[in-house]
Number of protein chains: 2
Amino acid sequence: MATIKEVAKKAGVSVATVSRVINNKGYVHEDTRKAVDQAIKDLGYKPNSVARSLYKKTSKTIGFLIPDITNPFFPQLVRAVEDVMYPAGYTTILFNSDENLAHELEYIEKMTSKYIDGFIVVSNTLQWEHLQDVNVPIVALDRHIDQRISSITVDNYDGAKKAIEYMLDRGCKQIAHLEGPENVLTSMERKRAYEDMMNQHGLPILCHQGHYELARGMVSTMQLLSNNPKIDGLFAANDVMAIGALKAATKLGIQVPKQLSIMGFDGVEWGTTVTPELTTMEQPIYEMGKRAAELLLMQIQDSPNKIEHHLLKTSLKVRQSVQ
Amino acid sequence: MATIKEVAKKAGVSVATVSRVINNKGYVHEDTRKAVDQAIKDLGYKPNSVARSLYKKTSKTIGFLIPDITNPFFPQLVRAVEDVMYPAGYTTILFNSDENLAHELEYIEKMTSKYIDGFIVVSNTLQWEHLQDVNVPIVALDRHIDQRISSITVDNYDGAKKAIEYMLDRGCKQIAHLEGPENVLTSMERKRAYEDMMNQHGLPILCHQGHYELARGMVSTMQLLSNNPKIDGLFAANDVMAIGALKAATKLGIQVPKQLSIMGFDGVEWGTTVTPELTTMEQPIYEMGKRAAELLLMQIQDSPNKIEHHLLKTSLKVRQSVQ
DNA sequence: TTGTAAGCGTTATCAG
DNA sequence: CTGATAACGCTTACAA
């Protein structure tokens with residue numbers, strides 16, 4: 001690991017000059033530049049980012065906080081963020097929070113002491129109070145946090161409403177809802193839409209908790225269907241649970257979609273391989289990650305105070321699980 | 001952001017003393033310690049990791065290089081690595097290489113200039129030559145690189161052999177192989193086992209490329225089955241392709257497992273939701289990630305030169321796709 | 001038990 | 001155009 005000092009000595013100039021050539025800043029004579037470049041090459045010199053960070057108080061690194069990479073919704077998001085951050089010269093550090101506030105706070109603090117340049121967070125526990133004195137840009141992704149924090153979200157209420165409208169159009173008379181975690185915004189919005197739609201149409205409300213998980217979705221569906229044989233439609237708050245529901249129906253010998261229509265939410269690839277293929281309300285997952293990264297980059301590089309809120313639309317993906 | 005200097009001034013001591021108390025190193029009088037702690041609290045002081053890194057030439061950070069987080073094999077691996085690294089005080093930085101050597105090298109160089117403490121790499125392009133002067137510990141995961149670099153791998157040859165033995169036991173007479181990328185070690189080993197088994201049993205060899213991908217697996221299977229109607233068994237080099245094959249069979253109206261047995265490799269959760277459920281040779285994915293992280297940690301903290309090679313075993317997961 | 005001061009490897013200011 | 005030199009925030013000999 002050669003240092004700038006060694007390069008300077010070898011090239012017979014001062015470190016200031018070397019710094020000028022590696023940063024392409026300030027005047028430096030063509031001949032000296034050549035000499036320096038040669039020395040750099042000979043020594044295999046690479047500038048030390050840590051020293052640079054210390055001086056510049058920036059690390060060209062951002063933190064990305066998600067609940068759990070193991071949930072198939074997140075890999076695409078992560079990929080999208082990395083795809084825009086890396087070419088822009090930024091490294092992204094991932095952190096799985098398991099929705100645990102204490103972990104999230106600890107992580108943010110730790111990253112702050114590394115001169116992190118910004119955060120993208122998917123969280124429903126983090127509040128404005130926790131974030132107000134983090135002095136780098138933050139973008140809330142998937143779940144809105146506060147007006148004062150930029151966000152990239154999807155219109156969950158609208159999406160869920162349209163999903164249910166479609167089920168109704170296709171003839172469902174008795175729709176149950178497999179809901180996500182109680183305290184998660186996306187899940188609450190989807191549930192609210194379900195309830196509003198049921199009320200609006202004078203239909204009974206039938207909810208069961210599924211926590212966005214495969215196994216839970218399956219178990220809940222079992223109970224739901226055993227206790228209420230009249231149900232002919234099931235709106236799951238995410239695809240993973242919908243897939244669990246499909247398994248449950250199969251186990252109970254209930255035909256989908258003939259006897260029971262199942263609608264998912266998310267649009268993960270997994271939904272295309274189950275039988276019947278999952279009809280779902282698709283979110284622009286990659287696009288969300290991309291936008292979040294771009295927005296963060298803009299705030300970091302240009303205008304830290306330019307808060308923006310983008311609300312993306314979902315789109316119905318008609319496949320085979322709704323009659 | 002208070003600095004150590006400010007804390008020192010507030011507590012009426014020198015920075016050295018403050019450093020001593022925050023690092024719990026060297027003697028410091030109980031009273032002064034209290035005063036310092038108080039000052040730290042009052043100022044909300046947090047030690048700056050960048051400055052610390054510069055001096056200590058270590059960042060408490062490791063790099064984790066994988067092909068693509070979007071492939072369902074990796075999220076679990078990532079999760080496992082993070083689960084052991086974080087509690088040990090290490091941050092892990094993820095990087096998707098898309099199996100591109102230039103990207104991998106660029107990334108490694110970049111990380112090196114950040115005083116990264118070690119790497120875990122899943123790669124088939126990286127060779128000893130590229131890694132020999134990276135002066136931090138490296139663990140090769142899933143794919144072996146060189147005797148001089150620690151590795152955590154699975155016995156792919158043995159696993160594939162047993163998978164095929166099982167198919168043969170169950171009565172398959174004509175087994176085709178859906179192979180993974182040509183240059184990937186895991187894929188080559190599985191193919192080699194397939195070929196050896198076929199030769200050993202005097203059976204014809206029938207391979208088709210699937211690149212470990214869903215769509216490719218599907219298309220290849222279509223061709224394979226249309227051209228060779230006698231095939232009654234298909235050994236896919238990974239679950240994702242096996243799932244694609246299942247889709248293809250369904251499309252062609254071929255019943256699985258009655259007319260065609262399909263065997264996967266990996267044991268990802270996804271395989272449990274297809275119909276019929278995928279019979280597969282399961283890898284201890286989480287365990288692999290965990291071991292790699294533990295091994296790396298050992299090398300970083302205790303013995304950088306203690307190279308170890310762990311070969312884990314796969315286990316047959318009997319479900320429904322093999323007759 | 002505590003303080004001084006010399007690094008760690010850069011960048012940027014200010015003379016020259 | 002180029003070179004000293006003072007930061008950046010922390011750790012650690014070495015003195016006291």
Side-chain angles (χ1 to χ4, degrees), chain A residues 1-37 39-40 43-61 89 109-117 135-136, chain B residues 1-37 39-40 43-61 89 109-117 135-136:
Chain A
M1 288 293 100
T3 71
I4 199 174
K5 223 182 237 170
E6 305 178 61
V7 174
K9 180 187 282 180
K10 176 140 198 161
V13 298
S14 73
V15 296
T17 300
V18 178
S19 178
R20 281 188 201 101
V21 353
I22 64 188
N23 295 297
N24 240 296
K25 221 176 213 168
Y27 299 96
V28 30
H29 190 93
E30 194 46 38
D31 293 349
T32 35
R33 152 164 291 124
K34 265 184 195 147
V36 171
D37 280 336
I40 287 177
L43 267 45
Y45 167 76
K46 301 280 178 261
N48 179 310
S49 332
V50 177
R52 189 174 278 174
S53 280
L54 181 59
Y55 189 91
K56 313 249 290 185
K57 296 178 187 302
T58 168
S59 59
K60 291 295 214 167
T61 300
E109 196 176 295
K110 192 166 176 175
M111 289 305 117
T112 302
S113 84
K114 293 196 182 211
Y115 286 141
I116 203 104
D117 296 317
N135 49 8
V136 293
Chain B
M1 290 293 100
T3 71
I4 200 176
K5 223 183 236 169
E6 304 178 63
V7 174
K9 180 187 282 179
K10 176 138 195 162
V13 299
S14 76
V15 296
T17 301
V18 177
S19 178
R20 282 188 200 100
V21 353
I22 64 188
N23 293 300
N24 241 295
K25 218 176 218 168
Y27 300 95
V28 30
H29 190 92
E30 193 46 38
D31 294 348
T32 35
R33 156 164 288 126
K34 266 183 196 149
V36 170
D37 280 338
I40 286 176
L43 266 45
Y45 168 76
K46 301 281 176 260
N48 179 311
S49 337
V50 176
R52 188 174 279 173
S53 280
L54 181 58
Y55 187 92
K56 314 250 290 185
K57 296 180 188 302
T58 167
S59 59
K60 291 296 215 168
T61 300
E109 196 176 296
K110 193 166 174 176
M111 289 306 117
T112 302
S113 83
K114 292 196 184 215
Y115 285 142
I116 204 101
D117 296 316
N135 49 7
V136 293

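Each chain gets a letter, A, B and so on, in the order its sequence line appears, and its residues count up from 1. From a predicted model like this one, the values you see are computed outputs, not experimental measurements.
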> Between C/dT4 atom P and B/K5 atom NZ, what is the distance in whole Å?
Replying inline: 13 Å

>> So, does A/S19 get its side chain near the phosphate of C/dT11, meaning an N or O under 4.0 Å from OP1 or OP2?
In response: yes

> Does B/T17 make a side-chain N or O approach to OP1 or OP2 of C/dT2 shorter than 4.0 Å?
Replying inline: no

> To the nearest Å, how far apart are A/Y55 OH and D/dT5 C1'?
Replying inline: 11 Å

> A/K9 has an atom NZ; how far is it from atom P of D/dG3, in whole Å?
Replying inline: 15 Å

>> Between C1' on D/dT12 and NZ on B/K25, what's the gap in Å once rounded to a whole number?
In response: 8 Å

> A/Y115 side chain N/O closer than 4.0 Å to the phosphate oxygens (OP1, OP2) of D/dC10?
Replying inline: no

> Of all the nucleotides listed (D/dT11, D/dC1, C/dT13), which has the minimum atom distance to the side chain of B/R52?
Replying inline: D/dT11

>> For A/M1 versus A/E6, what's the shortest heavy-atom pair and its separation?
In response: O-OE2, 3.8 Å

> OP1 or OP2 of D/dG9 sitting under 4.0 Å from any side-chain N/O of A/K57?
Replying inline: yes

> Is A/N48 close to A/R52 at the side-chain level, that is, under 4.5 Å between some pair of heavy atoms?
Replying inline: no

>> Can you tell me which nucleotide in C/dT1, C/dG3, C/dT10 comes closest to the side chain of B/H29?
In response: C/dT1

> Roughly, in whole Å, what's the span from CD1 in B/I22 to P in D/dG9?
Replying inline: 14 Å

> Relative to the 5' end of DNA chain D, which residue comes earlier, B/M1 or A/T32, by the nucleotide with the nearest heavy atom?
Replying inline: A/T32

> Side chain of A/L54: nearest nucleotide among C/dT11, D/dT12, C/dG9?
Replying inline: C/dG9

> To the side chain of B/V15, which of C/dA5, C/dG3, D/dG3 is closest?
Replying inline: C/dA5

> Can you tell me how far OG of A/S59 sits from CD1 of A/I116, rounded to the nearest 0.5 angstrom?
Replying inline: 5.0 Å

> How long is the line joining CZ of A/R20 and P of C/dC14, in whole Å?
Replying inline: 14 Å

> Can you tell me if the side-chain N/O atoms of B/Y27 get under 4.0 Å from OP1 or OP2 in C/dG3?
Replying inline: no

> Given D/dG9, is OP1 or OP2 found less than 4.0 Å from the side-chain N or O atoms of B/T3?
Replying inline: no

> Please give, in whole Å, the distance from D/dC10 C1' to B/K56 NZ?
Replying inline: 10 Å

> Given C/dT11, is OP1 or OP2 found less than 4.0 Å from the side-chain N or O atoms of A/N23?
Replying inline: yes

> Which one, D/dC10, C/dG9, C/dG3, comes nearest to the side chain of A/A51?
Replying inline: C/dG9

>> The side chain of B/I4 is closest to which nucleotide in this list: D/dG3, C/dT2, D/dT11?
In response: D/dT11

>> Rounded to whole Å, how long is the line connecting atom CD of B/E6 with atom P of D/dG9?
In response: 8 Å

